[in-house]
Amino acid sequence: MTTNSELQIIFERLASGIALRGGNQFRAVSHQRVARLLRDMTKDVGSIVADDPGTAEARLQALPGIGKGAARRIIEYLDTGEITEHTELLEHVPETVFDLLQIPGLGPKAVKTLWQDLGVENATDLRAAIESGKVEDLPRMGKKTVENILKNLDFNTKQHARVPIGKALPLALQIVGRLEAADNVKEAHYAGSLRRGRDTIGDLDFIASTSKPAAVREMFLGMPEVKEIIASGETKCSVRLKQGGATGVDIQADLRMVPPAVLGAAMMYFTGSKEHNVRLREICVKRKWRLNEYGLFEGTEERPQDEGKKPLAAKTERQIYQKLDLPYIPPELREDRGEIQSPSIDLVEIGHIQAELHAHTTASDGKMELEEIVEQALDRGFTTLAITDHSVSSVLANGLDAARLAKHAKAIRRLNEQLDQIDLLAGVEVDILVDGSLDFEDAILAELDWVVASPHVSLQQEPQEATDRLLRAVDNPHVHVLGHPTGRKVGRRAGLAPNLDLIFSRASANGVAMEVNANPTRLDLRAQHVRSALEHGCLIAIDTDAHVPRHFDYLHFGITTARRGWLTKDQCINTWDRERLTAWRSGGRREE
DNA sequence: ATTAGACATAATGACTACGAACGCGTAGT
């Protein structure tokens, strides 16, 4: 657990505490804002303060949403390991009461009443209170509500697990296919965080444009994976899907049905993020306009769509952004992280990519022969392919020793001479050992065309050691790319937590590119890291790390992640042609 | 509690669907 996430939990709890005790809601929101900031920060607050304790308070206050109070509390936590208000809060509100808020259907009002009026402090108490019939007698509680709570008590625990994008996307595409095939459906799309390209997905959101929603709804509710119907209305329904398989987590799916004429407005609303939506709607409020899922309207009256009022725009997202005097904002950017204020940026696209710079063959643990992997690259129109098999320490991956590597490199170069459409680079994915030394001597690396250096073991190392380890690797003059720098696995392994600011600034100075590994189980670097790497002037490589042919098709996951980190075409070395890559890799990378 | 624009105080994150209860809480982006 990092300091940021510890503090995030505390600020969330302070916010909930205010809501539970009936305090000023603006104070609650304000604490939530701090929690969100801590969640999204790429820098460790501990290191911000440590950089110069004297000015720490002022520098914390410079962050939007952090004022005097929050800055003081953060410093107090770093000094003493606790925050007085939090300790006091826990004296009044038992910790288990906060957990009740996680139960679907229970919000702050309900938990407050249950706790204060009936003394319910945890799930067991709640069950007992329901059985005694006391809950039903509370205001706004009835038989149905109580039944719902009881049901949700059972699978509360697994309910909140997020699904990796690699699992969510195929399922979503399957459902989109069914919706498109349904009678009277004009268009069907997925939206939500999946469309924004987050690495994990909380629930699946679908939109179908149709003039006959009832039939579409019946199809959706009748899908074989549907385990439970949560809601079913005129325009919207929600189900819980049995996901099974490797994740074993149930996943909620929401379907919104809209008339074709307002599809764009509905897509914008349902794609979010919430924060992006709020920001746009604020702009509308200032103009005395109104934006909702039925369109962009002049005037401030509520539900203008009900009056048959004609929107300024509704059909496409582009038209709506245009009316708001904004460029089209791609879904990946819609997070309220400055995309509305800054002019449109030229994000990298999958069509720009012409190089795969990290791939494996049968020489180590890949399943493709050299000829086959080249064919894969040529099929995709690539002009450069780096062959980077594992080094000797990766025993399980059949890593190459110096002799096998030399032989392999020779074979690669021989084949390269017969190819004129593509540059085949003789490379390696060399292990970064625990102390940051590389698995091959410099003299061996110097002979190669391309060196990706990656950590594979000791991924639970302390942050300080991890920082030193990666810095040492980045300082090796033969390294071109730092591969999957943290070694995290989405939802399964946290990976290293080095001081990335230091790594990025060194990498930038040394001319070492940082990898976004496109494999959906990795997505490492993550999007926030990409943004921060770019601020330090780093170049980015988006690599599939292909071991089998279908891995080449993972490229879009890497592209999406990189776009979420605001990566432009020019900053992505995989978009460069042969000449530019050759010039870069064989000299002049370093700024002296 | 924080921010903005003022030097104390006002304004602050929008809008809608569903369902059960009855005029609202919860959930969704």
Side-chain angles (χ1 to χ4, degrees), chain A residues 11 14-15 17-19 23-37 60-73 85 101 103-113 136-149 152 159 190-196 198 202-207 213 217 229-238 252-258 262 265-286 289-297 300-306 331 334-336:
Chain A
F11 276 94
L14 288 171
I18 292 162
N24 176 347
Q25 62 153 328
F26 290 117
R27 287 182 63 202
V29 169
S30 167
H31 283 100
Q32 260 160 15
R33 221 180 142 199
V34 177
R36 179 173 174 247
L37 188 84
L60 285 171
Q61 280 195 52
L63 299 168
I66 296 194
K68 242 189 346 197
R72 186 186 52 70
R73 289 192 183 100
E85 286 90 337
L101 288 169
I103 299 169
L106 285 187
K109 304 269 182 179
V111 172
K112 180 173 188 258
T113 322
E136 230 174 286
D137 296 336
L138 293 174
R140 298 213 61 80
M141 286 284 175
K143 217 182 185 135
K144 290 284 264 191
T145 311
V146 168
E147 267 172 31
N148 246 325
I149 295 170
N152 286 329
Q159 166 75 21
Y190 61 80
S193 57
L194 181 60
R195 182 162 180 245
R196 298 201 311 279
R198 283 193 58 177
D203 55 19
L204 298 175
D205 302 304
F206 299 97
I207 296 183
R217 184 180 57 195
I229 295 169
I230 301 169
S232 165
E234 295 282 301
T235 63
K236 176 184 151 179
C237 48
S238 296
Q252 182 175 325
D254 301 325
L255 170 66
R256 196 71 196 252
M257 293 156 288
V258 298
V262 306
M267 286 291 285
M268 262 175 82
Y269 152 69
F270 224 26
T271 298
S273 65
K274 184 178 98 174
E275 287 77 12
H276 180 82
N277 286 351
V278 168
R279 202 54 83 202
L280 290 180
R281 288 170 186 197
E282 274 178 343
I283 293 175
C284 295
V285 168
K286 287 204 185 85
W289 290 0
R290 193 177 188 89
L291 176 61
N292 61 26
E293 54 262 57
Y294 300 99
L296 175 65
F297 298 90
T300 56
E301 78 262 40
E302 287 178 12
R303 310 185 55 83
Q305 66 275 14
D306 292 349
R334 300 182 194 169
E335 299 287 351
D336 186 29

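The side-chain contact (heavy atoms from CB on, under 4.5 Å) test applied to A:Ala35 returns A:Gln8, A:Phe11, A:Glu12, not counting sequence neighbours. With sequence neighbours excluded, the residues forming a side-chain contact (heavy atoms from CB on, under 4.5 Å) with A:Ala191 are A:Asp205, A:Ile207, A:Phe270, A:Thr271, listed by chain and number. The side-chain hydrogen bond (donor to acceptor under 3.5 Å, both in side chains) test applied to A:Glu335 returns A:Arg196, A:Arg564, not counting sequence neighbours. Among residues two or more places apart in sequence or in another chain, the side-chain contact (heavy atoms from CB on, under 4.5 Å) test is passed with A:Arg33 by A:Pro64. For A:Thr113, the side-chain contact (heavy atoms from CB on, under 4.5 Å) partners two or more places apart in sequence, or in a different chain, are A:Asp117, A:Leu138.
At B:dG19, none of the side-chain N or O atoms of A:Ser232 fall inside 4.0 Å of OP1 or OP2 (strictly under the cut-off). The side chain of A:Asn277 places no N or O atom within less than 4.0 Å of a non-bridging phosphate oxygen (OP1 or OP2) of B:dA14. In this model, the phosphate group of B:dA1 is approached by a side-chain N or O of A:Arg73 to a distance below 4.0 Å at OP1 or OP2. For A:Arg290 and B:dT16, the shortest distance from a side-chain N or O to OP1 or OP2 is below 4.0 Å. A close approach under 4.0 Å does occur between a side-chain nitrogen or oxygen of A:Gln252 and OP1 or OP2 of B:dG28.
Rounding to whole angstrom units, NZ of residue A:Lys112 and P of B:dT26 are separated by 12 Å. In this structure, A:Leu255 places its CG atom 15 Å from P of B:dA17, rounding to the nearest Å. Between the CD atom of A:Glu301 and the P atom of B:dC15 there is a distance of 11 Å, given to the nearest Å. The CG atom of A:Leu63 sits 18 Å away from the P atom of B:dA1 (whole-angstrom rounding). Rounded to whole Å, atom C1' of B:dT3 lies 14 Å from atom CD1 of A:Ile66. For A:Leu291 and B:dT29, the CG to P distance is 17 Å, given to the nearest whole Å. If you measure from atom CZ of A:Phe297 to atom C1' of B:dT16, you get 12 Å, rounded to the nearest angstrom. The separation between A:Met141 atom CE and B:dA20 atom P is 13 Å, rounded to whole Å.
Picking from B:dG28, B:dG19, B:dA14 the nucleotide with the shortest atom distance to the side chain of A:Asp205 gives B:dG28. Side-chain atoms of A:Arg303 lie closest to B:dT16 of the nucleotides B:dT16, B:dA14, B:dA1. Distances from the side chain of A:Asp203 to the nucleotides B:dG28, B:dA17, B:dT2 place B:dG28 closest. Side-chain proximity of A:Thr145 to the nucleotides B:dT2, B:dA20, B:dG28 is greatest for B:dA20. Side chain of A:Tyr294, nearest nucleotide from B:dG28, B:dA14, B:dT16: B:dT16. Closest to the A:Lys236 side chain, of the nucleotides B:dA1, B:dG25, B:dC18, is B:dC18. Here the nucleotide nearest the side chain of A:Tyr269, chosen from B:dA17, B:dA1, B:dT29, is B:dT29. With B:dC15, B:dG19, B:dT16 as the candidates, the nucleotide lying closest to the side chain of A:Gln305 is B:dT16.
A:Arg334 comes within contact range of no nucleotide atom at all, as no heavy-atom separation falls under 4.0 Å. A:Glu302 comes within contact range of no nucleotide atom at all, as no heavy-atom separation falls under 4.0 Å. Using a 4.0 Å heavy-atom criterion, one finds that A:Ile18 contacts no nucleic acid atom at all. Residue contacts for A:His31: at a heavy-atom cut-off of 4.0 Å it reaches the sugar-phosphate backbone alone, with no base atom in range. Within the 4.0 angstrom heavy-atom criterion, no nucleotide atom of any strand lies near A:Leu280. Contacts of A:Ala70 with the nucleic acid, taken as non-hydrogen atoms under 4.0 Å apart, involve only primed sugar atoms and P, OP1 or OP2.
Put simply, the side chain of A:Asn277 never gets that close to the backbone of A:Leu280: no donor and acceptor are under 3.5 Å apart. Side chain of A:Arg217 to backbone of A:Gly233: a donor-acceptor contact under 3.5 angstrom is found.
Contact check on A:Glu275 versus A:Arg36 returns a salt bridge, with a Lys/Arg side-chain nitrogen under 4.0 Å from an Asp/Glu carboxylate oxygen.
Comparing the C1' positions of B:dA10 and B:dA20 gives a spacing of 38 Å, expressed to the nearest Å.
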Would you list the protein and nucleotides 10-13 of chain B atom pairs, both N or O, that sit under 3.5 Å from each other?
residue: B:dG13; atom: O4'; partner: A:Glu282; partner atom: OE2; Å: 3.2

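Mapped onto DNA chain B by nearest heavy atom, A:Gln61 and A:Ala110 fall at different nucleotides, with A:Gln61 at the one closer to the 5' end. In terms of position along DNA chain B, the nucleotide closest to A:Ile230 lies nearer the 5' end than the nucleotide closest to the other residue of the pair A:Ser238 and A:Ile230.
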Item to check | Stepwise side chain to side chain contact (heavy atoms under 4.5 Å, CB included) check, A:Arg281 with A:Tyr269 | outcome: CA-CA 10 Å; A:Arg281 288 170 186 197; A:Tyr269 152 69; 3.8 Å; yes
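No hydrogens or angles were tested; on distance alone, a donor-acceptor pair under 3.5 Å links the side chain of A:Arg281 to the base of B:dA14.
Using a 4.5 Å heavy-atom threshold, the side chains of A:Leu14 and A:Glu85 count as touching.
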